[in-house]
Protein chains: 2
Amino acid sequence: MAVDREHVLRSAADLLTRKSTATMDEVAKAAGISRATLHRHFAGRDALVRALESLGIEECEAAVDAARPDEGPASDAVRRLVRELQPAAGLLAFLYGESQLWEGEPQNDGWAHLDARIGAVFQRGHHSGEFRVELTPAWLTEALYGLIASGAWAVQDGRVAARDFPTMVAELLLGGALRRETSHVPKESSRDREIG
Amino acid sequence: MAVDREHVLRSAADLLTRKSTATMDEVAKAAGISRATLHRHFAGRDALVRALESLGIEECEAAVDAARPDEGPASDAVRRLVRELQPAAGLLAFLYGESQLWEGEPQNDGWAHLDARIGAVFQRGHHSGEFRVELTPAWLTEALYGLIASGAWAVQDGRVAARDFPTMVAELLLGGALRRETSHVPKESSRDREIG
DNA sequence: TAGAAATGAGACATCAACGTCTCATGTGCG
DNA sequence: CGCACATGAGACGTTGATGTCTCATTTCTA
């Protein structure tokens, strides 16, 4: 009976990832509930997007936690990060596009916290000498979001296989960020394969 | 008297890059004309976006031409390409986001032509052994668009300096695509500096 | 200069999405 | 069983953007 708020948000995320301009009616239908009920749980479109924003931040924070960003080489941390972020990639792509519209509005500062955590990984890579200093942490963070969004869309349109997503994103990003002498990009250490 | 169609399109591109949901009224104001006149030149919002699409394709094609994609090392071709594409980056970012909405609609197949030309550069890099084969040309092309869009937004929000745009985008992209033994990224050859 | 053409300003109807509301139905719980 | 509550369906008014139209004004041109 009681609507599963989580399920509604997941459905909305799925739909809005594919069609960011979807109607409240479409969102409701996608979740299998009526528009009235949708409005009972989310005061309006804004409230829904805010909720999705919170969900996205939660998922990303959880992904960063799971990626153990402070452990081992920064490059491995980035690989883990991309892998952990993949489930949230679609939602992230939607929110990344949406964020271009919030001009001066009081946006959720959860993003700032997330940016800082991710930026710290790149910064760590700089200090350890793993990453090239020409590319700033801020830009690498931005590029990570951008590549994840591009990857999510490419997967959705069938231009990239879902199973290749982590490799495509992480190896492209790292190749640019990683300073290394050899052309061989190491496989992920076996320790990092327990999940994938 | 006669409205400068080019100027209207430029203004619209500038505005829509910053605010993709801008109203026809806002577009008109940004171009310094009345909404009525805007409608006289572009039958509606769709027509305007179509025109912007054509403009974007034109500019990209011109940029690819100017980048001499078949000359010299593929990596240098990519650097030239990014540099030539920078002026169109904002428009490209808008259209890239917009393209996520056209599901099955008959989109301008000028994009296919452009994709093919850009993809060919990466393919050339694969065949010559410059680029890593793990990253497909299709993905590299997608990533190029994504990074240009990310770069355009980062510049607009002041997170990246405009003058650093070509370096940030090209070096990140190439570092991932380029197979090289040394960590030193070569400066652009002096031949390529005549424009920048 | 006079006519033709283009523009600006604004009125107007239309339409789609929104948000609110009501009422009947169905489900869970005491 | 009977009550309370959540839902579904749909009506309703509102809003914002769109597209069309008119008319006075300005600008170009013959």
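A, B, ... follow the sequence lines: proteins, then strands. Residue 1 opens every chain.
Atom pair B:His39:NE2 and C:dA11:C1' shows a separation of 15 Å (rounding to whole Å applied). What separates CG of B:Leu48 from P of D:dA17 is a distance of 16 Å, to the nearest Å. Rounded to a whole Å, the NZ atom of A:Lys29 is 11 Å from the C1' atom of D:dG8. Atom pair A:Phe42:CZ and D:dT7:C1' shows a separation of 15 Å (rounding to whole Å applied). In this structure, CG of B:Leu38 is placed 15 Å from C1' of C:dA6, rounded to the nearest angstrom. Regarding B:Arg5, its CZ atom lies at a distance of 13 Å from the P atom of C:dT7, rounded to whole Å. For B:Asp4 and C:dT7, the CG to C1' distance is 15 Å, given to the nearest whole Å. With rounding to whole Å, B:Asp46 atom CG is found 12 Å from D:dG19 atom C1'.
For A:Tyr96 and B:Trp153, the distance between ring centers is under 6.0 angstrom. The ring of B:Trp139 has its center no closer than 6.0 angstrom to the ring center of A:Phe165.
Listed pair B:Ser34 / C:dA9 fails the phosphate criterion, with no side-chain N or O lying under 4.0 Å from OP1 or OP2. Using a 4.0 Å cut-off, no side-chain N or O of A:Arg35 falls inside it from OP1 or OP2 of D:dG8. Note on A:Arg45: every side-chain N or O is 4.0 Å or more away from OP1 and OP2 of C:dA17. Proximity of B:His41 to the phosphate of C:dT7: a side-chain N or O atom is located under 4.0 Å from OP1 or OP2.
Rounded to the nearest 0.5 angstrom, B:Ser99 OG and B:Trp111 CH2 are separated by 8.0 Å.
Considering only residues two or more places apart in sequence or on other chains, A:Ser128 meets the side-chain hydrogen bond (donor to acceptor under 3.5 Å, both in side chains) condition with A:Glu130.
Using bins of under 30°, 30° to 60° and over 60° for the plane-to-plane angle, the ring pair A:Phe131/A:His126 lands in the perpendicular bin.
For B:Thr23, whose side chain is taken as the heavy atoms from C-beta onward, the closest listed nucleotide among D:dA17, D:dG8, C:dC18 is D:dA17.
A residue-by-residue look at A:Arg40 and A:Met24 shows that A:Met24 has its nearest nucleotide of DNA chain C further toward the 5' end.
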